[in-house]
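First the proteins, then the strands, lettered A, B, ... as listed; each starts at 1. Computed from a prediction, not measured in an experiment: that's the story for all the values here.
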Amino acid sequence: AETPLTVFAAASLRDAMEKIGAAFQEKTGTPVVFSFAGTGTIARQIEAGAPADIFVSADIAWMDYVDTRGAILAASKRNIAGNTLVMVGPHGSAPLDLSEAALAARLNGARLAIADPETVPAGRYGKSALGYLGLWHSVEASLAQMDNVRIALASVARGDTPLGLVYATDATIEPDVSVVATLPGESYAPIVYPAAITSVSEHPQAQAFMEYLEEPEAKEILQSFGFVTDNGQ
Amino acid sequence: MLDVDITGRIGHLDLEARFSSDGGVTSLFGQSGAGKTTLTNMIAGLITPLSGRIAVNGTVLFDHAKGIDLPVRDRRIGHVFQDARLFPHMSVRTNLTYARWAGRRKSTRDFGEVVDLLGLDDLLDRKPPTLSGGEKQRVAIGRALLSDPRLLIMDEPLANLDQARRNDILPYLDRLCGEAGIPILYVSHSIEEVARLSTTLVILSGGRTPAYGPVADMLARTDLGRATGRHEAGALLEGKVARLDRQWGLTHVDIGGSFLQIPDLEAEIGTPVRLRIRARDVSLAVTPPEGLSIRNAFGAHIVSITEESGPYAEILCEVGGQTIRARITRASVHDLNLAVGKPVTVLIKSVAIDKRQRTPVPPVPA
Amino acid sequence: MLDVDITGRIGHLDLEARFSSDGGVTSLFGQSGAGKTTLTNMIAGLITPLSGRIAVNGTVLFDHAKGIDLPVRDRRIGHVFQDARLFPHMSVRTNLTYARWAGRRKSTRDFGEVVDLLGLDDLLDRKPPTLSGGEKQRVAIGRALLSDPRLLIMDEPLANLDQARRNDILPYLDRLCGEAGIPILYVSHSIEEVARLSTTLVILSGGRTPAYGPVADMLARTDLGRATGRHEAGALLEGKVARLDRQWGLTHVDIGGSFLQIPDLEAEIGTPVRLRIRARDVSLAVTPPEGLSIRNAFGAHIVSITEESGPYAEILCEVGGQTIRARITRASVHDLNLAVGKPVTVLIKSVAIDKRQRTPVPPVPA
Amino acid sequence: MDLLSLQPAEMQALLLTLKVAGAALLVALPLAVLVAYGLARYRFPGHGLVNALVHMPLVLPPVVTGYVLLVAFGRKGPIGSFLESTLGLSFAFNWTGAALAAGVMSFPLIVRPVRLSFEAVDTKLEDAANSLGAHRLVSFVTITLPLALPGILGGAILGFAKAMGEFGATITFVSNIPGETRTLALALYTATQTPSGDIAAFRLTLIAVFVAFAALIASEVLARRLRRRLGGDHA
Amino acid sequence: MDLLSLQPAEMQALLLTLKVAGAALLVALPLAVLVAYGLARYRFPGHGLVNALVHMPLVLPPVVTGYVLLVAFGRKGPIGSFLESTLGLSFAFNWTGAALAAGVMSFPLIVRPVRLSFEAVDTKLEDAANSLGAHRLVSFVTITLPLALPGILGGAILGFAKAMGEFGATITFVSNIPGETRTLALALYTATQTPSGDIAAFRLTLIAVFVAFAALIASEVLARRLRRRLGGDHA
Ligand SMILES: Nc1ncnc2c1ncn2[C@@H]1O[C@H](COP(=O)(O)OP(=O)(O)OP(=O)(O)O)[C@@H](O)[C@H]1O
Ligand SMILES: Nc1ncnc2c1ncn2[C@@H]1O[C@H](COP(=O)(O)OP(=O)(O)OP(=O)(O)O)[C@@H](O)[C@H]1O
Ligand SMILES: [Mg+2]
Ligand SMILES: [Mg+2]
């Protein structure tokens with residue numbers, strides 16, 4: 001069999017990327033192997049010379065990090081998808097007005113599940129959005145900073161935390177939560193997923209895969225998982 | 001006082017022990033591997049017998065039929081283990097007092113007295129791992145003595161001790177048994193110790209108890225030669241202190257009309273005593289000899305002569321209703337024309353009857 | 001053969017030992033806690049002395065001044081520890097052969113012979129934790145015997161063994177020492193064993209060696225009463241087998257003109273033997289008695305009389321150039337008018353000289 | 001930035017770590033001793049099950065353990081809601097939860113050495129204690145426990161070290177809240193996950209290493225003293 | 001989806017886990033035994049340092065250990081590049097790297113029980129062995145080692161369990177590559193990363209629990225046999 005193409009991707013992209021990989025193999029015959037982990041972890045591995053052909057990051061900062069260290073081919077860098085932020089509650093929760101009072105009333109002493117605002121991209125975006133909306137200060141002390149989307153969603157679904165700030169993509173898949181508010185697009189920097197070919201890659205199909213990511217087939221898959229794919233983002 | 005009738009099993013050895021004794025010191029005597037330790041462990045409750053019954057002073061410790069099996073801690077048995085089993089993390093003092101502070105046993109025995117007896121004064125603050133073999137053994141004895149026992153089991157407690165120390169400890173055990181009325185089950189390889197100390201002797205052989213009984217009877221039995229150790233055969237004489245000869249340090253003991261002179265015995269006149277006369281310490285003469293350093297010469301007549309294949313012959317003589325055993329050569333039997341019924345003079349050296357050979361008769365509790 | 005002159009320290013005990021012996025069996029005799037085990041451990045290399053020198057058969061094991069300290073494994077000392085120290089995870093067989101397969105020692109001694117001697121046949125496949133106290137001790141002895149030692153150290157090896165077994169093992173040790181020329185350092189509390197076995201006796205007391213020397217001399221010394229155990233004092237007679245009386249099972253030993261009759265000794269005519277005559281087995285008569293079962297009567301004269309405070313007196317007599325020691329009562333000394341120089345008849349019962357009292361003279365290697 | 005003195009956030013993480021690890025050990029150790037004793041000395045139905053259960057936190061990735069804790073001890077979890085309604089005790093997103101996670105994760109590490117030590121104690125000594133009148137509980141406290149102390153200390157060290165370093169189950173169960181659940185390990189993780197966090201990570205590593213060093217040296221001294229007490233060597 | 005038979009990916013993860021944990025144990029165990037023996041029996045300068053170093057993977061969050069491994073043993077790391085150029089040995093992003101991470105992480109868990117066992121072996125037995133002519137190495141192999149076996153087995157169990165469940169250091173050091181470094185623990189993590197992975201996560205948890213159970217029961221049987229061999233109880 002052909003040498004598989006190795007893709008190091010942010011863990012949050014798993015479902016969509018695996019589907020795209022399968023479709024790519026069907027089309028070209030080249031198998032694709034994925035390694036999913038936190039973006040920071042992957043970025044440091046890319047820096048250390050990991051045998052990856054493609055790096056798909058969950059935010060720009062880590063892509064820049066590897067770029068400045070010469071671990072990727074800068075020219076190949078492109079954004080393949082975008083995402084939006086939503087506020088979720090347990091299934092069937094009423095819509096929420098994004099005001100300080102409403103937020104406090106809904107939390108009622110409990111915590112707001114959010115990805116770690118310092119380390120996890122989703123958390124960083126969330127923090128900036130809440131800050132823009134003037135809500136950060138009031139909720140800062142009652143955050144539950146999760147390392148893991150699954151856990152964040154699970155704790156919302158179970159009602160341990162009445163609210164969660166997550167990507168729209170996450171809300172799409174988890175049936176036990178309901179979107180109670182969508183954060184306005186202007187409140188945070190565009191959420192993009194940049195991909196690039198690594199500088200150690202010698203796989204002939206790397207370029208093909210990068211191109212495939214922008215083809216309608218791939219976009220369709222991404223959209224089906226809630227990602228935004230118009231490059232205008 | 002001590003009634004044992006049990007069966008059990010350890011490894012490939014089937015144990016079937018049955019004996020009873022009337023208190024005092026009961027000695028368990030048998031070869032290495034005969035099952036002595038196993039039997040004491042069953043009495044102590046550390047190994048459960050398969051069937052049978054064990055009672056001490058009327059208290060049933062174990063009765064298979066009735067489903068009685070008293071827990072070890074409630075048996076109140078002071079156990080001197082063959083392998084000391086001191087608590088390595090505690091000082092000698094804490095070891096000695098363990099039964100008091102951890103077992104809530106009463107302080108019936110004086111701590112200082114036991115420490116003195118066993119010469120443990122300098123060791124009280126030491127830890128067992130730094131003790132010498134004999135020192136460990138002494139601490140183990142002390143720990144058992146201080147546990148207010150209703151029965152004392154001692155598994156070869158003096159094996160590593162020198163003669164001087166043994167001579168200190170044995171009379172103490174005597175007193176313990178006599179005055180305090182605590183029965184002792186004593187395991188030993190030394191027939192000396194056994195004869196010196198015991199009221200009852202139990203022979204253990206291959207897990208069985210082929211014979212038991214009062215020590216005098218047992219030592220007089222000639223069929224137990226192998227078990228009791230040939231050359232130390234002897235007989236016990238019962239007597240009463242009749243006179244104390246302070247000038248020469250001799251005590252005269254009335255053994256039924258005849259008087260036996262023995263080195264000083266601290267006893268009051270009238271006290272009953274028991275003397276072990278070893279067969280090899282007894283000589284015979286056909287005519288009463290003169291000018292001999294041997295002080296004890298009694299008229300007697302021969303009850304039986306057992307000649308054996310070796311050079312020895314065992315002669316039982318009757319002296320004032322008691323039996324004395326003599327071991328002489330077959331050659332002498334022949335030379336002197338000895339025969340059953342013949343009157344002879346029995347010669348016993350006074351010095352042969354030393355401290356280890358005599359003991360106040362243990363008051364046999366009812 | 002064995003030269004020891006060391007100082008050392010254990011706990012609060014200062015050890016200062018100095019003795020030398022010409023091979024054969026050297027016995028270390030002393031009270032519990034005297035430092036016997038510590039001294040043997042220093043000789044074995046398990047504890048390092050502070051200063052001094054240890055040599056065996058000319059091989060220097062330790063010399064502080066020269067910086068020599070042979071590792072334990074190279075000392076080739078067969079060590080029977082006071083606490084057996086069997087390897088619990090190995091079968092008895094594997095324990096016994098450990099020195100061969102793990103220590104690469106030569107098979108100088110026959111495995112089957114040692115197993116037979118110690119009665120270990122049935123135990124070979126057992127593990128030490130299931131053995132009885134005496135069984136463990138026997139395995140420990142066997143393991144040391146099978147290690148092709150140049151010196152055998154035995155720390156109270158027979159303490160837990162019955163008389164029958166002791167009587168099997170002691171002659172074997174004799175032979176080992178005599179035929180194979182392996183010196184033995186023997187720690188024991190039993191003066192019987194010591195006298196029976198030793199060439200040299202070393203007294204250890206409070207960490208010091210106040211006296212050592214040929215066992216005959218040491219046992220004849222009256223100033224060591226406490227250390228050697230009063231009542232077992234005696235003397236050694238050297239002699240040669242002169243005649244074997246098969247009819248009565250008696251052996252006649254020439255002790256310098258006089259003949260001593262003792263129960264059968266399996267020895268060829270002409271073999272030198274050593275007899276230990278215990279003082280308490282010796283009687284005296286002022287006129288040669290008649291019609292007595294005592295077979296040995298020798299003309300002698302009194303060399304010294306030591307009267308003591310107790311009832312006893314010690315009489316040293318000279319018989320054909322050798323010394324015999326008698327213990328009788330002071331009363332008899334008075335009654336018989338005994339005095340130094342006076343001719344007397346020394347009476348010794350044949351049966352008193354049993355197997356344990358005699359031994360072929362160990363061939364003292366040059 | 002001063003390189004030698006601790007920053008407030010670091011100080012906070014350090015103190016929290018000590019509090020969490022200490023509390024975890026305090027609760028887990030006695031429980032582990034009991035479980036270890038049971039496993040060492042008794043054969044009961046379910047022996048294997050208990051043993052396996054104890055080891056689970058080791059075998060499963062910490063995320064799973066954390067998730068299980070969240071499901072069971074969360075506000076709405078069966079145990080969590082019960083404890084909250086009866087005892088007013090809540091493990092959700094606070095330091096006690098972090099201690100619970102640390103305790104659960106270090107439990108197998110404590111049980112194993114303690115169990116080994118119990119198995120090594122000669123039951124003959126317990127027999128001797130019983131023959132001297134000691135009740136089983138008394139002989140356990142006076143004989144078995146002291147003789148097993150080296151193992152208990154060993155288990156405690158492993159457990160404390162693990163509790164200090166516990167990360168996966170903690171962040172999953174009680175999140176990464178500064179001052180409440182952000183221990184040194186979580187703070188360190190946080191630092192490694194930011195492209196610019198290298199220096200912070202290095203400082204935190206030093207702090208953790210230093211604390212561990214101190215704890216280990218203390219434990220070694222204690223262990224040596226203990227061994228001397230038990231072995232009695234005066235050398 | 002068949003609930004009872006394993007899917008290829010699960011099978012792959014299971015086999016990989018066993019391979020990784022087995023290899024980790026195979027290398028870590030002998031080394032741990034040596035280190036434990038040294039720590040137990042010798043006092044040398046640096047004793048405390050070695051002891052602390054051994055415990056570090058426990059105290060630091062696994063991410064840090066993984067990161068240190070990545071920096072040191074990665075392609076460009078000093079040790080990694082040295083080993084690759086001299087021995088052709090590479091730990092980077094392959095299963096041997098996963099084994100290295102698992103080995104390092106389980107090292108302290110193995111060392112501690114083994115060390116305790118060594119400390120519990122009576123040196124008097126070694127003395128006896130030496131007096132019978134055994135060289136120190138021989139007496140170690142024939143006496144000390146067998147008597148310490150219960151502890152070594154105990155350490156091996158802890159180590160194997162830990163190696164099976166190791167996650168943080170592994171994913172940081174060698175990433176999460178199916179068939180190469182995606183062990184059960186990593187597969188389980190991967191499954192939890194998206195809400196759709198619940199069933200997969202549950203199945204993987206069951207597999208891990210099952211394997212752990214089997215390993216623990218085997219170890220218990222072994223331990224019991226061992227104890228019987230050592231203690232000689234025929235009961
Ligand atoms: N756990 C065990 N498993 C198998 N056999 C055993 C066990 N314990 C003891 N035995 C055997 O049972 C027999 C009796 O042992 P016991 O310890 O009672 O002997 P003993 O009479 O006390 O001997 P000694 O005088 O040597 O101490 C011995 O042959 C011993 O080997
Ligand atoms: N490790 C130690 N620490 C302190 N004191 C010790 C140590 N080992 C031995 N001793 C003491 O040194 C003395 C000599 O001990 P050793 O074992 O040599 O006596 P021993 O003559 O063999 O006695 P035993 O006949 O009772 O075996 C004893 O009083 C003992 O308590
Ligand atoms: Mg016994
Ligand atoms: Mg000694």
> If you count heavy atoms of other groups shown closer than 6.0 angstrom to CD of A/E215, is the number above 12?
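More than 12 within 6.0 Å, yes.
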> What option among A/G38, A/A11, A/A157, A/G40 has the most heavy-atom pairs under 4.5 Å with chain E?
A/A11
> If you count heavy-atom pairs within less than 4.5 Å of chain A, which of E/T190, E/L70, E/N176 leads?
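Looking at each option in turn, the highest pair count goes to E/N176.
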> Tell me, for E/F173 versus chain A, whether the close heavy atoms (under 4.5 Å) come from the side chain, the backbone, both or neither.
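Backbone only.
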> E/V63 versus chain A, heavy atoms under 4.5 Å apart: side chain, backbone, both or neither?
neither
> Assess, by modelled atom type and distance only, whether the side chains of A/D160 and A/S155 contain a donor and an acceptor separated by less than 3.5 Å.
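Side chains of A/D160 and A/S155: no pair found under 3.5 Å.
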> Please check if atom NE2 in A/H91 has more than 12 non-hydrogen atoms from other residues, nucleotides or ligands closer than 6.0 Å.
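Atom NE2 in A/H91 is not packed in, count stays at 12 or less.
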> Backbone N or O of A/P162 within a donor-acceptor pair of the A/R106 side chain at under 3.5 Å?
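It does not hold such a pair.
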